[in-house]
Amino acid sequence: MTTTGLLRDLVASVGGDQVNATSIIPDGADPHSFEPTLRSARDVVYADVAFSNYMLLEQQNVIRTLDANLRDGVPNISLAEDAVKYAAEVIQLVENPNLDTIWLGLRARGDGRQYGADRSSQVLLSATGASGPGDIYGYLTGTFGGTEIYFDSSDGFHAGDGYRDDTATLPADAHTHMSWVFTEPGIYTLTLAARLKVDSESRSVPVGQSTFTFAVGVSAVEAASEGQTILDEGHADLTVDLDTSEVYALYDPEGGGEHTQEELAAEDIVIEVPNKAIDEIPDGEGYRFLGKPGTQIYQLPQAVLGKHVHGEIDPHLWQNVRNVIAYVQLIRDTLVGADPENAAEYRANAEAYIDELDELDAYVRETISRIPPERRHLITTHDAFGYLAAAYGIDVAGFVTPNPATEPSLVERRRLARTIETLHVPAVFLEPNLKARSSVLTEVAAENDVEVCDIYGDAFDDEITDYVSMMRFNADSLFTCLTRGLPESDLQPRESESEHSHAH
């Protein structure tokens, strides 16, 4: 059993006739949002081996379906995490710190093993009380504009239902970005209480509570007591620590990841929401909970567009073919351990498949290298191509996401048009399974006479049904669409065999 169709194909390529590979997520579905069915759970029960990508790629309900229904003793392999032992190269998620206000998220830190937690456990972070001259909202805007409300003080907080409507849910050892809205200037406090739900059968366990102070549109210096730190730039996460059962802030004024953040107790900080954070409620049904469109609010915007609940590593390792070779070696060794009688077949299949992947890696590298450097700009909707860019020399010019919570749609359109014009981008790229939800990108591309081309990220479809075909298609699509209209003389020469060897 695998989580995705892509992993199913890798396992089938190594397992051959000895393995019946099935995936929870069907081809064409988005692993970031797919909700598993009861049939999926029944299939998992019969699995002899299980493979997920993880690094928080798959929706947690998919992971929960897998982990909760496997029989005891069945190997359960997280490929992205364990492939590092086979020399897979990983990319740290480095987010843009260039906002002129602090970007403020939520984090679950630690593994909670002392409570019996695992990767399917949930951390529940609830707003249980608030004070201030107005209302506080915490919400997240998805990649395609939909909103998910985490906290809303306007209707109070209700202990009777476990603060159900004011609770953010995170996997263990993950963090998320969100927007914070305050309706009036002044001093606010927000109390956050954390619980750990080890599994679906267990009662949640309290793991800490703290009250945070915000200075909204007023002097944070005057609001802060002696010795308190003002958080006014960079990156901060309000953090549940499962190992110490505390809730505190992790803060880095430079905007780095967790490894550069320092721990600060809630009572030792004031979070500044300055007057430059004044914004207007955007028009759109998804923002009616904030009030009337055009009404002035104070907003700390979501630092990263789209819904990102993740760890510190980009989980899309397979866009670098060399990483898939590491996956294949791990799959081989797992199958050999589970079924030693057929070890020779698994090893032979893996060796043949690795040879095919070596050829694929050379093909992708050579094909993309023929695109003139000034044309190697990738604009797409989904941020799944960092490994492709790093491995094969592409510049990711941007992830285009319609996010009216950050700025008006007209500004978003102008920015995209300006990027296309400045870089002379001849094409933008969309994953076939996401095209129906990517109207802004397709419309602006049409207005600027730019081609919309296909690129595959997480999922197969009726046209592309295996990994090798997917990567060859992506390389061909990038080459064809980014060199459209260029004479043959402008294309880069093909790499020689010696250059391939040197590149490897």
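Position 1 is the first residue of the sequence, and the numbers go up from there. Because the structure is predicted, anything quoted here is derived from the model rather than measured. Below, all heavy atoms of this structure are taken into account, side chains as well, without hydrogens, waters or symmetry copies.
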Q: Between Leu378 and Asp395, is the side chain to side chain contact (heavy atoms under 4.5 Å, CB included) condition met? List the steps.
A: CA-CA 6 Å; Leu378 175 62; Asp395 167 50; over 6 Å; no

Q: What ring pair (Phe, Tyr, Trp, His ring centres under 6.0 Å) pairs are there with at least one residue in residues 455-476, not counting sequence neighbours?
A: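 Residue pairs passing ring pair (Phe, Tyr, Trp, His ring centres under 6.0 Å), neighbours aside: Tyr456-Phe473.
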
Q: Are the side chain of Asn323 and the backbone of Glu89 linked by a donor-acceptor contact shorter than 3.5 Å?
A: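 Here the side-chain-to-backbone pair exists.
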
Q: Rounded to the nearest 0.5 Å, what's the gap from CG on Asp361 to CD on Glu356? Could you check?
A: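 Reported to 0.5 Å precision, the distance equals 13.0 Å.
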
Q: State whether the number of non-hydrogen atoms from other residues, nucleotides or ligands found under 6.0 Å of Glu351 atom CD is greater than 12.
A: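 At most 12 heavy atoms, drawn from other residues, nucleotides or ligands, come within 6.0 Å of this atom.
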
Q: Of all the heavy-atom pairs spanning Leu250 and Gln261, show the shortest one and how long it is.
A: O-NE2, 3.4 Å

Q: Under the side chain to side chain contact (heavy atoms under 4.5 Å, CB included) rule, what do Tyr150 and Leu106 come out as? Steps first, then yes or no, please.
A: CA-CA 11 Å; Tyr150 285 166; Leu106 302 176; 4.2 Å; yes

Q: Salt bridge or not between Arg71 and Asp48? Use side-chain N to carboxylate O under 4.0 Å.
A: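 Salt bridge between Arg71 and Asp48, a charged N being under 4.0 Å from a carboxylate O: yes.
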
Q: Is there side-chain contact between Val14 and Leu10, with at least one heavy-atom pair below 4.5 Å?
A: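 Result no, sub-4.5 Å side-chain heavy-atom pair not found.
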
Q: Heavy-atom distance under 4.5 Å between the side chains of Ile455 and Leu388, does that happen here?
A: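 A side-chain contact exists here, since the closest heavy-atom pair is under 4.5 Å.
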
Q: Please confirm whether the backbone N or O of Ala236 pairs with a side-chain atom of Trp103, one donor and one acceptor, at under 3.5 Å?
A: no

Q: List the residues meeting side-chain contact (heavy atoms from CB on, under 4.5 Å) with Asn76, not counting sequence neighbours, and say none if there are none.
A: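 Result, side-chain contact (heavy atoms from CB on, under 4.5 Å) vs Asn76: Ala50, Leu66, Asp67, Leu70, Arg119.
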
Q: Between Arg472 and Asp476, is the closest basic N to carboxylate O distance under 4.0 Å?
A: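 A salt bridge is absent here (no side-chain N lies under 4.0 Å from a carboxylate O).
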
Q: Looking at Asp355, I want to see if its CG is surrounded by more than 12 non-hydrogen atoms of other residues, nucleotides or ligands under 6.0 Å.
A: yes

Q: Of all heavy-atom pairs between Phe151 and Ala168, which one has the smallest distance, and what is that distance?
A: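 Looking at all heavy atoms of both residues, the closest pair is CE2-N, 4.2 Å.
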
Q: Using side chain to side chain donor-acceptor pair (under 3.5 Å), reason through Tyr346 and Asp333 one step at a time and then give a plain yes or no.
A: CA-CA 8 Å; Tyr346 298 139; Asp333 292 349; over 6 Å; no

Q: Check the pair Asp82, Tyr327 against side chain to side chain donor-acceptor pair (under 3.5 Å), reporting the backbone distance first and the verdict last.
A: CA-CA 8 Å; Asp82 293 341; Tyr327 276 29; over 6 Å; no

Q: Show the nearest heavy-atom pair for residues Ala475 and Thr367, with the distance to one decimal.
A: O-CG2, 3.5 Å

Q: For Ser202 and Tyr115, does a side-chain donor sit closer than 3.5 Å to a side-chain acceptor?
A: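 Per modelled atom types, Ser202 and Tyr115 side chains form no pair under 3.5 Å.
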
Q: Find the distance between OG1 (Thr4) and CG (Leu7) and round it off to the nearest 0.5 Å.
A: 3.5 Å

Q: Could you walk me through whether Asp466 and Ser469 pass the side chain to side chain donor-acceptor pair (under 3.5 Å) check?
A: CA-CA 6 Å; Asp466 65 87; Ser469 298; 2.8 Å; yes

Q: For Thr483, check side-chain contact (heavy atoms from CB on, under 4.5 Å) against everything at least two apart and list the hits.
A: Ile371, Pro372, Phe479, Leu486, Leu491

Q: If every non-hydrogen atom of Gly286 is compared with every non-hydrogen atom of Thr147, which pair is closest and at what distance?
A: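 That would be O-OG1, 2.8 Å.
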
Q: Going by heavy atoms in the side chains, are Val328 and Leu357 under 4.5 Å from each other?
A: yes

Q: Taking atom CZ as the centre, does Arg484 end up with more than 12 heavy-atom neighbours from other residues, nucleotides or ligands that are less than 6.0 angstrom away?
A: yes

Q: Do side-chain atoms of Gln114 reach the backbone of Leu242 as a donor and acceptor pair under 3.5 angstrom?
A: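 Such a contact is found between Gln114 side chain and Leu242 backbone.
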
Q: Using 0.5 Å steps for rounding, measure from the CG atom of Leu330 to the CG atom of Leu335.
A: 9.5 Å

Q: Could you tell me whether the side chains of Ser477 and Asn474 share a donor-acceptor contact shorter than 3.5 Å?
A: no

Q: Is a side-chain donor or acceptor of Arg365 paired with a backbone partner of Ala391 at a separation under 3.5 angstrom?
A: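 Pair found, side chain donor or acceptor close to backbone of Ala391.
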
Q: Is it the case that the side chain of Ser40 and the backbone of Pro36 share a donor-acceptor pair, with hydrogens and angles ignored and the cut-off at 3.5 Å?
A: no

Q: Step by step, work out the salt bridge (Lys or Arg N to Asp or Glu O under 4.0 Å) result for Asp358 and Arg322.
A: CA-CA 8 Å; Asp358 269 325; Arg322 310 308 300 177; 2.6 Å; yes

Q: Can you name the closest pair of heavy atoms from Ala80 and Tyr54 and give their distance?
A: CB-O, 4.3 Å

Q: In the structure I gave you, are the side-chain heavy atoms of Leu57 and Met55 within less than 4.5 Å of one another anywhere?
A: no

Q: Taking the side chain from Glu366 and the backbone from Ala362, do they hold a donor-acceptor pair closer than 3.5 Å?
A: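 No.
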
Q: Rounded to the nearest 0.5 Å, what's the gap from CE on Met470 to CG on Leu6? Could you check?
A: 5.0 Å

Q: Can you name the side-chain contact (heavy atoms from CB on, under 4.5 Å) partners of Ala12, sequence neighbours left out?
A: Ala21

Q: Quick check: closest heavy atoms across Gly138 and Met178, and the distance to 0.1 Å?
A: CA-CE, 3.3 Å

Q: Please report the C-alpha distance between Ile102 and Leu300 in whole Å, then the side-chain angles of each, then the deciding distance to 0.1 Å, and finally whether the side chain to side chain contact (heavy atoms under 4.5 Å, CB included) criterion is met.
A: CA-CA 7 Å; Ile102 189 171; Leu300 295 178; 4.0 Å; yes

Q: Tell me, yes or no, whether the heavy-atom count around Glu201 atom CD, taken from other residues, nucleotides or ligands under 6.0 Å, exceeds 12.
A: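 Count not over threshold, so no.
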
Q: Is the backbone of Asp314 close enough, under 3.5 Å, to the side chain of Tyr387 for a donor and an acceptor to pair up by distance?
A: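 A pair under 3.5 Å: yes.
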
Q: Is Ser121 close to Leu196 at the side-chain level, that is, under 4.5 Å between some pair of heavy atoms?
A: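 A side-chain contact exists here, since the closest heavy-atom pair is under 4.5 Å.
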
Q: Who are the side-chain contact (heavy atoms from CB on, under 4.5 Å) partners of Thr22, not counting sequence neighbours?
A: Met1, Asn20, Asp43

Q: Would you say the side chain of His235 lies within less than 4.5 Å of the side chain of Asp237, judging by non-hydrogen atoms?
A: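 Yes, at least one pair of side-chain atoms sits under 4.5 Å.
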
Q: So, do Trp318 and Asn53 sit near enough that their side-chain heavy atoms are less than 4.5 Å apart?
A: yes

Q: Donor-acceptor check, side chain of Ser23 to backbone of Pro26, threshold 3.5 angstrom: yes or no?
A: no

Q: Apply side chain to side chain donor-acceptor pair (under 3.5 Å) to residues Thr169 and Gln122 and explain how you reach the verdict.
A: CA-CA 6 Å; Thr169 302; Gln122 293 181 309; 5.1 Å; no

Q: Taking 4.0 angstrom as the limit, do Arg109 and Glu263 come out as a salt bridge?
A: yes

Q: More than 12 heavy atoms of other residues, nucleotides or ligands under 6.0 Å from CD of Glu463: is that the case?
A: no

Q: Heavy atoms, side chains only, cut-off 4.5 Å: are Leu478 and Ile394 in contact?
A: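 They are in side-chain contact.
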
Q: Got a sec, which residues hit side chain to side chain donor-acceptor pair (under 3.5 Å) with Arg64, two or more places apart in sequence or on another chain?
A: Gln60, Asn61

Q: First locate atom CG of Leu360, then atom CD1 of Ile354, and finally report the distance between them rounded to the nearest 0.5 Å.
A: 13.0 Å

Q: Arg375 side chain to Leu482 main-chain N or O, any donor-acceptor pair under 3.5 Å?
A: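 At least one qualifying donor-acceptor pair exists.
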
Q: So, Ser126 side chain and Thr167 main chain: donor-acceptor pair closer than 3.5 Å or not?
A: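 Judged by distance alone, no pair lies under 3.5 Å.
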
